[in-house]
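Sequential numbering from 1 along the given sequence is applied to the chain's residues.
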Amino acid sequence: PSSKPDLHFDDEGVCTACRYREYEKTVQWEARKQEFLELVKPYRGANPNNYDCIIAVSGGKDSCYQVHLIKEVGKLNPLLVSFEPSCPTEIGKHNLQVMVDGYGCDLIQLKKSSRTYRKLARLGFDVVGDHEWPNHVGIFCWPMQMAVKFNIPLTFYGENRGTIGLGRWETLISQKEITRSDVEQYIGMNGFRLTDMLEIDTSLKLEECLPYIYPD
């Protein structure tokens with residue numbers, strides 16, 4: 001479908017997301033855990049005057065489990081960074097507070113300009129076919145901006161894009177790191193950058209859209 005331009009169906013008519021769910025059953029999770037522990041080892045306490053890593057959180061299932069794994073299993077000291085959702089739910093707000101209180105983490109949440117967001121949401125609907133487009137962009141741009149500003153070298157994200165069927169199979173099962181092009185082409189921006197939207201709606205000003213800019 002046009003809303004998922006990189007979703008592929010195989011010869012049996014099964015999409016990549018369903019195939020990925022089957023693939024997950026074959027993953028050696030204990031070996032993957034050891035790989036994770038080796039990955040985070042150099043960052044654990046490397047700079048006692050700073051956070052070890054950033055976790056991009058929303059208050060959903062991925063966020064809570066990530067904080068548990070990174071804080072309790074990986075023994076890192078994370079900074080949680082959240083991009084305010086369109087309609088914050090009571091459960092979502094409760095879960096964010098649980099991460100702060102229950103795990104002893106600090107949280108930065110961006111409360112975005114509703115005027116700018118409404119314009120971007122309309123553009124997302126008209127141009128991309130997804131009114132949530134600015135949220136997808138924001139959750140990938142804003143935490144990375146914080147990582148740059150605070151000089152934090154490691155950032156974690158949740159759901160693998162394989163679970164929603166975006167990307168080529170060989171990449172999905174081998175990828176260990178999210179690249180800038182992945183964000184721009186597949187995950188958040190769907191091939192549309194903020195600069196594209198500014199050309200379409202000239203009432204938007206760059207200085208009003210800072211949270212939606214991916215850092216250099």
Side-chain angles (χ1 to χ4, degrees), residues 2-5 50-51 53-64 66-67 78-101 105-152 154-159 161 164 166 178-216:
S2 59
S3 59
K4 293 287 185 185
N50 201 356
Y51 300 96
C53 64
I54 277 178
I55 311 175
V57 298
S58 65
K61 64 184 187 332
D62 287 7
S63 307
C64 300
Q66 280 185 105
V67 173
L79 172 65
L80 311 184
V81 178
S82 176
F83 186 85
E84 181 190 35
S86 302
C87 302
T89 64
E90 292 305 313
I91 290 176
K93 290 187 282 188
H94 168 77
N95 286 347
L96 286 173
Q97 198 60 48
V98 166
M99 286 184 250
V100 172
D101 296 336
C105 295
D106 295 328
L107 168 70
I108 293 177
Q109 183 177 54
L110 174 73
K111 188 167 183 62
K112 56 183 179 279
S113 161
S114 59
R115 184 176 67 177
T116 300
Y117 176 76
R118 283 197 300 269
K119 291 182 180 182
L120 289 172
R122 182 56 191 257
L123 283 168
F125 183 78
D126 290 343
V127 177
V128 188
D130 180 9
H131 69 278
E132 288 286 323
W133 179 83
N135 276 343
H136 304 322
V137 173
I139 193 59
F140 277 95
C141 292
W142 174 248
M144 296 310 295
Q145 287 188 26
M146 293 297 98
V148 171
K149 289 181 187 299
F150 287 105
N151 195 29
I152 301 172
L154 187 62
T155 303
F156 287 96
Y157 278 90
E159 194 171 62
R161 61 189 170 98
I164 53 175
L166 293 181
I178 299 172
T179 66
R180 183 192 187 99
S181 62
D182 290 330
V183 175
E184 293 180 338
Q185 297 298 332
Y186 303 116
I187 303 172
M189 302 186 189
N190 289 340
F192 291 91
R193 283 76 164 172
L194 177 64
T195 49
D196 299 322
M197 299 306 189
L198 293 177
E199 292 177 0
I200 297 169
D201 185 348
T202 55
S203 72
L204 279 167
K205 305 303 178 187
L206 183 65
E207 61 267 22
E208 298 174 330
C209 304
L210 298 181
Y212 306 90
I213 300 171
Y214 201 86
D216 292 341

>> Between N50 (side chain only) and F150 (backbone N and O only), is there a donor and an acceptor less than 3.5 Å apart?
In response: yes
> Counting only N and O atoms by type, is there a donor-acceptor contact under 3.5 Å from the side chain of N95 to the main-chain atoms of G92?
Replying inline: no
Is there a side-chain contact between [X] and [Y], using heavy atoms and a 4.5 Å cut-off?
X: I213; Y: Q145; answer: yes
X: L120; Y: L204; answer: yes
X: K119; Y: T116; answer: no
X: L194; Y: L206; answer: yes
X: V98; Y: H94; answer: yes
X: V127; Y: W133; answer: no

Least distance between heavy atoms, [X] atom then [Y] atom:
X: M144; Y: F140; value: CG-O, 3.1 Å
X: S82; Y: S58; value: OG-CA, 4.4 Å
X: M99; Y: G59; value: CE-CA, 3.8 Å
X: C141; Y: P215; value: O-CD, 4.1 Å
X: L123; Y: I200; value: CD2-CG2, 3.7 Å
X: Q109; Y: P85; value: NE2-CD, 4.2 Å

> Can you list the residues that meet the side-chain contact (heavy atoms from CB on, under 4.5 Å) rule with V100, with sequence neighbours excluded?
Replying inline: Q97, L107
> Considering residues at least two apart in sequence or located in another chain, which fulfil the side-chain contact (heavy atoms from CB on, under 4.5 Å) criterion with K112?
Replying inline: F83, E84, L110, Y117, N135, Y212
>> For E199, give me all partners under side chain to side chain donor-acceptor pair (under 3.5 Å), at least two apart in sequence or on another chain.
In response: none
> For T179, what residues pass the side chain to side chain donor-acceptor pair (under 3.5 Å) criterion, not counting sequence neighbours?
Replying inline: S181, D182
> With E208, which residues qualify under salt bridge (charged side-chain N to carboxylate O under 4.0 Å, His left out), at least two apart?
Replying inline: R115
> Which distance, rounded to the nearest 0.5 Å, do you find between the CD1 of I91 and the CG of L96?
Replying inline: 12.0 Å
>> I need the T195 OG1 to M197 CE distance, nearest 0.5 Å.
In response: 9.5 Å
>> Listing request: all salt bridge (Lys or Arg N to Asp or Glu O under 4.0 Å) pairs with a residue in residues 122-132, at least two apart in sequence or in separate chains.
In response: R122-D126
> Is atom NE2 of H131 surrounded by more than 12 heavy atoms (other residues, nucleotides or ligands) closer than 6.0 Å?
Replying inline: no
> For I54, which of L80, I108, T155 qualifies under side chain to side chain contact (heavy atoms under 4.5 Å, CB included)?
Replying inline: T155
